[in-house]
Amino acid sequence: MKVTWFGHSAYRLEFGKSVVMIDPFLTGNPVFKGDPVAAAAGATHVLITHGHSDHVGDALAIHERTGAAVVANFEICMFLARKGLKAMDPMNTGGTTDQGEFTTTMTIAFHSSAVMDENGVTQDLGLPGGLVVTPKIAGEPTIYHMGDTDVFSDMALIDELHKPSVAFVPVGDRFTMDGKRGALAVNRFLPSVTTAIPCHFGTFGMLAATPDAFVSAMQGAKAKVLVPEIGVPFTV
């Protein structure tokens with residue numbers, strides 16, 4: 001699987017004929033200096049963990065350019081449908097949907113999920129979540145994108161049910177776990193994970209500038225830490 005991180009929690013997964021954008025915060029992302037159109041070229045799916053604007057990001061624009069289906073909770077899908085979204089697959093916590101070459105399961109996450117509309121009114125967009133992407137192609141890894149969350153012990157159930165080998169771990173503190181809690185999440189509750197990739201840091205001044213606390217706390221752990229370079233593809 002080829003993976004590209006665009007900063008914050010935005011990822012592109014490529015495997016088989018699928019091009020999966022997760023939380024595609026591209027336009028307006030202060031740490032992403034590339035071309036949002038090129039970054040999402042050929043997208044077949046857009047997956048969204050929760051309704052904050054720095055996670056919904058370019059979802060609608062990507063759909064309009066590529067026809068990619070948006071996979072998100074019901075409230076986010078209906079919100080985007082009112083803005084012109086045509087292809088969607090709404091779901092909710094605990095559900096699994098079949099996306100052809102892979103399935104997506106929405107897990108719990110401890111956070112919030114809302115957006116301020118053009119009139120300055122805050123719109124609730126359902127519960128936040130994490131996402132498990134399970135390819136049907138032999139040899140491809142199962143990905144657990146935690147979304148924005150604190151550590152919680154039921155991550156152990158996510159591991160038991162899905163056995164993800166790769167985890168995208170938010171470690172920026174203030175709005176999510178910090179590095180030490182992120183390491184605790186991986187080491188105590190996710191024994192199947194062999195590659196831990198930190199995210200949701202360094203985007204804004206209020207967040208931890210680097211993943212160094214996570215890297216330090218993961219020293220000696222079973223899972224290796226991979227800190228990608230923004231916009232540079234890597235394989236898992």
Side-chain angles (χ1 to χ4, degrees), residues 1-15 17-73 75-81 83-91 97 99-102 104 106 109 111 113-115 125-126 128-133 143-149 166-170 172 175-176 197-204 207 228-234 236:
M1 179 185 292
K2 183 163 77 171
V3 180
T4 308
W5 179 53
F6 300 111
H8 211 51
S9 295
Y11 290 89
R12 175 185 173 111
L13 313 180
E14 298 175 63
F15 54 93
K17 296 180 180 179
S18 298
V19 177
V20 182
M21 303 294 296
I22 306 179
D23 285 0
F25 178 39
L26 304 172
T27 301
N29 180 341
V31 299
F32 174 63
K33 307 304 182 183
D35 178 4
V37 174
T44 58
H45 299 79
V46 178
L47 278 52
I48 302 172
T49 61
H50 64 287
H52 290 156
S53 60
D54 57 338
H55 293 261
V56 175
D58 291 33
L60 185 58
I62 293 169
H63 161 74
E64 290 172 344
R65 289 196 305 268
T66 69
V70 171
V71 183
N73 71 27
E75 290 81 4
I76 292 171
C77 285
M78 295 304 103
F79 175 78
L80 292 177
K83 295 179 176 292
L85 179 67
K86 299 294 193 297
M88 70 193 84
D89 201 1
M91 59 187 309
T97 60
Q99 303 302 325
E101 289 188 315
F102 65 98
T104 300
M106 185 168 287
H111 193 58
S113 179
V115 69
L125 290 179
L131 293 167
V132 177
V133 177
I143 307 291
Y144 173 29
H145 190 308
M146 294 181 178
D148 283 7
T149 189
V166 178
F168 299 154
V169 187
F175 300 107
T176 69
I197 300 173
C199 62
H200 209 278
F201 65 86
T203 323
F204 308 107
L207 303 181
E229 184 178 345
I230 294 172
V232 179
F234 59 95
V236 292

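Bear in mind the structure is a predicted one, so any value in this text is a computation, not a measurement. Note: hydrogens, waters and symmetry copies are ignored here, and every other heavy atom, side chains too, is used.
Between the CG atom in Leu13 and the CE atom in Met21 there is a gap of 9.0 Å [rounded to 0.5 Å]. Rounding to the nearest 0.5 angstrom, the gap separating the CZ atom in Phe32 from the CD1 atom in Ile230 is 9.0 Å. Annotation: the span from Asn29 atom CG to Thr203 atom OG1 amounts to 6.0 Å, rounded to 0.5 Å. Interatomic distance, CZ of Phe79 versus CG of Asn73, reported as 12.0 Å (0.5 Å rounding).
Residues satisfying the side chain to side chain donor-acceptor pair (under 3.5 Å) test with Asp35, not counting sequence neighbours, are none. Glu101 pairs by the side chain to side chain donor-acceptor pair (under 3.5 Å) definition with Ser18, not counting sequence neighbours. Listed by chain and residue number, nothing satisfies the side-chain contact (heavy atoms from CB on, under 4.5 Å) test with Ser53 (two or more places apart in sequence, or in another chain). Listed by chain and residue number, nothing satisfies the side chain to side chain donor-acceptor pair (under 3.5 Å) test with His145 (two or more places apart in sequence, or in another chain). Qualifying side-chain contact (heavy atoms from CB on, under 4.5 Å) partners for Val166, counting only residues two or more places apart in sequence or in other chains: Pro141, Ile143, Phe168, Thr195, Ile197, Val236. Contacts of Ala87 classified as side-chain contact (heavy atoms from CB on, under 4.5 Å), with partners at least two apart in sequence or in another chain: His63, Ala69. The salt bridge (Lys or Arg N to Asp or Glu O under 4.0 Å) search around Lys33 returns none, not counting sequence neighbours. Applying the ring pair (Phe, Tyr, Trp, His ring centres under 6.0 Å) rule to Phe234 yields no partners; only residues at least two apart in sequence or on another chain are considered. A search for ring pair (Phe, Tyr, Trp, His ring centres under 6.0 Å) contacts involving His45 returns Phe102, not counting sequence neighbours. By the side-chain contact (heavy atoms from CB on, under 4.5 Å) test, Val132 pairs with Thr105, Thr107, Thr134, Thr142, Tyr144, Ile158, His162, sequence neighbours left out. Taking the salt bridge (Lys or Arg N to Asp or Glu O under 4.0 Å) definition, one finds that Lys86 meets it with nothing, sequence neighbours left out. Residues forming a salt bridge (Lys or Arg N to Asp or Glu O under 4.0 Å) with Glu14 (at least two apart in sequence, or on another chain): Lys2, Arg12.
Shortest non-hydrogen contact noted between Cys77 and Pro90 is SG-CA, 3.7 Å. Scanning both residues, Ala109 and Gly130, for their nearest heavy atoms gives CB-N, 4.0 Å. The two residues Ser113 and Pro128 come nearest to each other via the heavy atoms CB-N, 3.9 Å. Nearest heavy atoms, Ala68 versus Val46: CB-CG2, 4.1 Å. Closest approach of Leu60 and Gly84 over heavy atoms only: CD1-C, 4.2 Å. Minimum interatomic distance between Trp5 and Ala10 (heavy atoms only, all atoms of both residues): CD1-O, 3.3 Å.
Screening Ile48, Val115, Leu80 against Leu125 for a side-chain contact (heavy atoms from CB on, under 4.5 Å) leaves a single residue, Val115. His200 pairs with exactly one of His55, His52, His50, His111 by the ring pair (Phe, Tyr, Trp, His ring centres under 6.0 Å) rule, that one being His55.
At least one side-chain heavy atom of Leu47 sits less than 4.5 Å from a side-chain heavy atom of Thr104. Between Pro24 and Ile62, some side-chain heavy-atom pair lies under the 4.5 Å cut-off. You'll find the side chain of Val20 stays beyond 4.5 Å of the side chain of Tyr11, heavy atoms only. With contacts defined as side-chain heavy-atom distances shorter than 4.5 Å, the pair Ser9/Phe25 does not qualify. Considering only heavy atoms from C-beta on, Thr44 stays 4.5 Å or farther from Gln99 through its side chain.
A donor-acceptor contact shorter than 3.5 Å is absent between the side chain of Asp148 and the backbone of Pro170. With Asp58 contributing its side chain and Pro36 its backbone, the two residues share no donor-acceptor pair below 3.5 Å.
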Exercise. Passes side chain to side chain contact (heavy atoms under 4.5 Å, CB included), Asp23 versus His8? Steps please.
Worked result: CA-CA 9 Å; Asp23 285 0; His8 211 51; over 6 Å; no
